[in-house]
Amino acid sequence: MHDWTQYRKQLSAGVSGFGKHSPDTVKGYVALSGAGQKTDHLGDKTRELIALAVAVSLRCDGCIAVHTAAARKFGATKEEIAEALGVAVAINAGAAIVYSTRALDAFDTTGEEQANA
């Protein structure tokens, strides 16, 4: 699928280049990304598993590349990663159910508005 190691290198170079054009944006991102490490209530591995599940939900290949490598570095097993990804699948399915009810509500409301027009 991807050469994830090469992709991480390209991504790092791209972010570095972006930082030259918008240094405060990248500095702010780095500060935000490191905020959880200061309290360390969850630990590195758990934080990376959460980040990976969110990355999949957001469909961010760069995030997947970075957080998969970090999760492995902090001792996450393939089984733990798969479990975290299973949570992402379930939450995304749940969100689809919730938004399906919203779509049906929109349909019902649109019908009421048209009937009253």
Side-chain angles (χ1 to χ4, degrees):
M1 287 188 211
H2 282 297
D3 180 340
W4 294 99
T5 301
Q6 183 61 29
Y7 184 61
R8 276 194 319 277
K9 290 177 186 174
Q10 291 171 333
L11 186 61
S12 180
V15 171
S16 178
F18 177 58
K20 291 176 184 173
H21 297 289
S22 188
D24 288 341
T25 300
V26 175
K27 285 177 190 172
Y29 166 75
V30 170
L32 186 62
S33 295
Q37 294 171 340
K38 291 183 180 182
T39 58
D40 200 33
H41 296 296
L42 295 175
D44 292 327
K45 182 172 81 170
T46 300
R47 246 187 335 276
E48 292 302 333
L49 290 169
I50 293 169
L52 189 54
V54 172
V56 167
S57 295
L58 294 175
R59 298 173 191 96
C60 176
D61 280 346
C63 301
I64 290 168
V66 169
H67 294 292
T68 300
R72 180 183 280 254
K73 172 184 168 188
F74 292 122
T77 65
K78 193 170 188 177
E79 292 76 16
E80 289 171 321
I81 288 172
E83 185 173 334
L85 297 176
V87 173
V89 169
I91 293 301
N92 281 295
I97 291 288
V98 169
Y99 272 82
S100 294
T101 66
R102 293 171 66 92
L104 292 173
D105 181 59
F107 176 83
D108 291 342
T109 301
T110 302
E112 291 170 10
E113 290 172 358
Q114 289 176 348
N116 294 329

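Worth knowing before you read on, the calculation uses all heavy atoms, side chains too, and leaves out hydrogens, waters and symmetry mates. Not measured: the values here are computed from a predicted model. The first residue of the sequence shown is numbered 1, and numbering continues consecutively from there.
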>> Using a strict threshold of under 4.0 Å (side-chain N to carboxylate O), is an ion pair present between K45 and E80?
In response: yes
>> So, using salt bridge (Lys or Arg N to Asp or Glu O under 4.0 Å) as the criterion, who are the partners of D24 when residues are at least two apart?
In response: none
>> Tell me whether T39 contacts the main-chain N or O of G36 through its side chain, where contact means a donor paired with an acceptor under 3.5 Å.
In response: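 Pair found, side chain donor or acceptor close to backbone of G36.
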> Okay, side chain of T110, backbone of A106: is any donor-acceptor separation there less than 3.5 Å?
Replying inline: yes
>> Quick check: is L52 connected to V66 through a chain of hydrophobic side chains (ILVMFWY, heavy atoms under 4.5 Å apart)?
In response: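 Different clusters.
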> Quick one: do V15 and Y29 end up in the same hydrophobic cluster if we chain Ile, Leu, Val, Met, Phe, Trp and Tyr together by side-chain heavy atoms under 4.5 Å apart?
Replying inline: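 Same cluster: V15 reaches Y29 through Ile, Leu, Val, Met, Phe, Trp or Tyr contacts under 4.5 Å.
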> Can you list every pair that meets side-chain hydrogen bond (donor to acceptor under 3.5 Å, both in side chains) and has a residue in residues 84-106, with sequence neighbours left out?
Replying inline: S57-N92
> Should I64 and W4 count as side-chain neighbours, where that means a heavy-atom distance under 4.5 Å?
Replying inline: yes
>> Show, in sequence, the C-alpha distance, side-chain angles and deciding distance for L85 and I81, and conclude whether the side chain to side chain contact (heavy atoms under 4.5 Å, CB included) test is met.
In response: CA-CA 6 Å; L85 297 176; I81 288 172; 3.8 Å; yes
>> H67 vs I50, test: side chain to side chain contact (heavy atoms under 4.5 Å, CB included). Steps then yes/no.
In response: CA-CA 9 Å; H67 294 292; I50 293 169; over 6 Å; no
Can you see which heavy atom on [X] is nearest to which on [Y], and at what distance?
{"X": "A88", "Y": "A53", "result": "CB-O, 3.5 Å"}
{"X": "G62", "Y": "L11", "result": "CA-CD2, 3.4 Å"}
{"X": "T25", "Y": "F18", "result": "CG2-CE2, 3.8 Å"}

> What distance separates D44 CG from K73 NZ, expressed to the nearest 0.5 Å?
Replying inline: 8.0 Å
> Quick one: hydrophobic cluster around V87, which other residues, with the 4.5 Å side-chain cut-off, linked directly or via members?
Replying inline: I91
>> Would you say that more than 12 heavy atoms from the other residues, nucleotides or ligands in this model lie under 6.0 Å from the CD of Q10, or not?
In response: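 It does: Q10 CD has more than 12 such atoms within range.
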